[in-house]
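Quick notes on the structure that follows.
Here is the naming used below: chain letters follow the sequence lines, and residue numbers restart at 1 for every chain.
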There are 2 protein chains.
Amino acid sequence: MVESNQGGESLLFLTDEQLRKGIEAMFFAYRAFTADPDRILEGMDYGRAHHRAIHFIHRAPGLTVTNLLTILGVTKQSLNRVLRSLIDDGLVEARVGRSDKRERNLFLTAKGAELERALSDAQRARMRAAYRAAGPVAVQGFRTVLEAMMDPEMRRQYQSLREGGV
Amino acid sequence: MVESNQGGESLLFLTDEQLRKGIEAMFFAYRAFTADPDRILEGMDYGRAHHRAIHFIHRAPGLTVTNLLTILGVTKQSLNRVLRSLIDDGLVEARVGRSDKRERNLFLTAKGAELERALSDAQRARMRAAYRAAGPVAVQGFRTVLEAMMDPEMRRQYQSLREGGV
DNA sequence: AATTTACGTCAGCCTTGTTGACTTTCCAAG
DNA sequence: CTTGGAAAGTCAACAAGGCTGACGTAAATT
């Protein structure tokens with residue numbers, strides 16, 4: 001181990017094999033990560049795209065369509081299809097913007113919040129189990145590496161997502 | 001810090017907020033993780049599915065179609081479409097099994113290996129940069145948490161993927 | 001008044017997943 | 001040696017969820 005070089009900035013020796021292991025870990029873990037919500041969604045008319053929309057509307061209530069577009073990194077048309085079905089089914093409410101009436105502020109309805117809870121309960125359960133099994137030091141490292149993997153703009157978005165809505 | 005409780009088995013206190021941050025980190029990081037290969041693939045007739053097939057054939061040369069099916073977790077028909085185009089284009093060779101002639105052992109051709117290298121170079125570069133920035137302790141934690149997130153069967157697969165082919 | 005922005009929508013396309021049905025090949029057990 | 005069943009391949013049809021391009025409307029901005 002290279003424990004002596006704490007920062008790991010210069011002398012960290014990384015073989016292709018080590019990196020490949022990391023790549024495959026991402027692949028398999030992401031599959032597991034999405035498996036539980038996918039299971040809940042299948043049978044409903046919804047899919048992973050609906051889950052993502054619901055997640056971020058819950059996360060930042062009142063965010064605009066353009067906000068959500070940027071976060072999800074998809075086209076307006078693609079998001080619209082998803083959003084429309086959620087609005088039609090009464091899971092999401094789109095209120096006309098208070099200051100700028102062109103904007104639509106998105107909120108979950110009670111029904112939407114209910115589905116959100118079911119989905120995120122499942123996903124959190126897995127995450128919690130993994131965190132518990134791995135321990136706090138590992139969790140810190142997990143978050144650090146994931147963050148380091150993001151593009152700067154994405155990382156900024158990820159970090160600033162706390163202020164959120166309206 | 002909860003350094004005192006090394007294993008983190010029982011006393012680890014995890015708020016929904018912490019877990020949500022982890023969930024979002026996975027979402028954003030995975031996008032970044034696939035962005036580079038996706039960029040290379042766009043323009044060619046290939047997509048992420050081709051990349052995955054190429055990756056695991058490179059990883060375990062000589063693996064059978066059924067092996068690959070299990071690893072990727074898709075249907076035979078779905079994989080076949082991808083595999084056929086790779087074979088037709090001369091990136092993958094499917095040799096009739098030596099002992100069991102029903103089986104096809106899959107190998108990359110020189111041309112296939114070349115694309116594999118381009119794709120994994122890009123992906124490894126990002127992974128390497130993230131690892132370097134995060135440091136060895138974080139990397140260890142990253143791998144530990146990802147592994148803990150997998151289902152037992154998947155984890156077994158992930159770990160035993162070293163023996164691989166033929 | 002003209003332009004730009006935010007949003008919605010129609011139409012069409014692609015990739016990648018799915019099911020179901022069917023054939024061929026071929027190993028292995030009866 | 002025959003036959004049952006596994007492994008593989010293929011056809012057809014479909015769905016989700018990406019994409020582009022074009023167009024319309026309302027509201028804000030210049």
Side-chain angles (χ1 to χ4, degrees), chain A residues 27 30-31 34-35 37-57 62-89 92-107 166, chain B residues 27 30-31 34-35 37-57 62-89 92-106:
Chain A
F27 171 69
Y30 195 78
R31 269 236 306 256
T34 55
D38 282 359
R39 214 161 5 242
I40 294 174
L41 262 343
E42 101 180 349
M44 310 196 191
D45 302 358
Y46 304 137
R48 210 175 285 179
H50 299 83
H51 179 196
R52 291 197 282 257
I54 288 174
H55 173 94
F56 286 108
I57 295 171
L63 90 174
T64 65
V65 173
T66 306
N67 288 161
L68 190 50
L69 235 40
T70 310
I71 293 169
L72 296 178
V74 298
T75 60
K76 179 177 56 162
Q77 295 89 329
S78 196
L79 176 59
N80 196 256
R81 185 170 32 197
V82 164
L83 220 41
R84 187 150 36 90
S85 69
L86 290 174
I87 291 171
D88 289 351
D89 297 351
V92 167
E93 194 189 348
R95 293 186 207 147
V96 170
R98 213 174 44 76
S99 56
D100 186 335
K101 290 178 194 162
R102 289 170 307 178
E103 296 181 343
R104 300 286 180 274
N105 296 113
L106 302 170
F107 300 88
V166 187
Chain B
F27 171 70
Y30 195 78
R31 268 236 306 257
T34 56
D38 282 359
R39 217 164 358 248
I40 294 173
L41 262 343
E42 100 179 353
M44 310 194 191
D45 301 358
Y46 304 136
R48 213 176 283 181
H50 300 83
H51 179 196
R52 292 198 281 258
I54 287 173
H55 173 94
F56 285 108
I57 294 172
L63 89 175
T64 64
V65 173
T66 305
N67 288 161
L68 190 50
L69 236 40
T70 310
I71 292 169
L72 296 177
V74 298
T75 59
K76 179 177 55 162
Q77 295 88 329
S78 195
L79 176 59
N80 196 254
R81 184 170 31 199
V82 165
L83 221 41
R84 187 150 34 91
S85 68
L86 290 174
I87 292 170
D88 289 352
D89 297 351
V92 167
E93 193 190 349
R95 293 186 206 146
V96 171
R98 212 174 45 77
S99 56
D100 184 336
K101 290 178 193 161
R102 290 168 305 179
E103 296 181 343
R104 299 287 180 275
N105 296 114
L106 302 170

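- Contacts between residues 42-52 of chain A and DNA chain C, counted as heavy-atom distances below 4.0 Å, involve no residue at all.
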Polar-atom pairs under 3.5 Å, protein N or O versus N or O of nucleotides 21-27 of chain C: list them with distances, or write none.
from, atom 1, to, atom 2, distance (Å)
C:dC27, OP1, B:Lys101, N, 3.2

Acceptor/donor pairs from residues 68-85 of chain A side chains to any protein atom, 3.5 angstrom cut, sequence neighbours excluded:
from, atom 1, to, atom 2, distance (Å)
A:Thr70, OG1, A:Thr66, O, 2.9
A:Thr75, OG1, A:Ser78, N, 3.3
A:Ser85, OG, A:His50, NE2, 3.2
A:Ser85, OG, A:Val82, O, 2.8

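- Rounding to whole angstrom units, CG of residue A:Leu69 and P of D:dG18 are separated by 11 Å.
- At least one side-chain heavy atom of B:Tyr46 sits under 4.5 Å from a side-chain heavy atom of B:Leu86.
- Between B:Asn105 atom CG and D:dG9 atom P the separation is 11 Å, expressed in whole Å.
- Using a 4.5 Å heavy-atom cutoff, the side chains of B:Leu63 and B:Asn105 are not in contact.
- Looking only at side-chain heavy atoms (C-beta outward), B:Arg104 and B:Val96 come within less than 4.5 Å of each other.
- Positionally, the nearest nucleotide of DNA chain D for B:Thr64 lies more toward the 5' end than for the other of B:Thr64 and A:Val74.
- Listed by residue number, the members of residues 78-89 of chain B with any heavy atom below 4.0 angstrom from DNA chain C are B:Ser78, B:Arg81.
- Checked against ring pair (Phe, Tyr, Trp, His ring centres under 6.0 Å), B:Tyr30 has the following partners two or more places apart in sequence or in another chain: A:Tyr30, B:Phe33.
- Among residues at least two apart or in separate chains, salt bridge (charged side-chain N to carboxylate O under 4.0 Å, His left out) pairs with a member in residues 42-55 of chain A are A:Asp38-A:Arg48.
- Among all heavy-atom pairs drawn from B:Gly47 and B:Leu41, the shortest one is O-CG, 3.7 Å.
- B:Asp38 has its CG atom 18 Å from the P atom of C:dC14, to the nearest Å.
- Shown here are the side chain to side chain contact (heavy atoms under 4.5 Å, CB included) partners of A:Arg102, two or more places apart in sequence or in another chain: A:Asp100.
- Considering only residues two or more places apart in sequence or on other chains, A:His55 meets the side chain to side chain donor-acceptor pair (under 3.5 Å) condition with B:Glu24.
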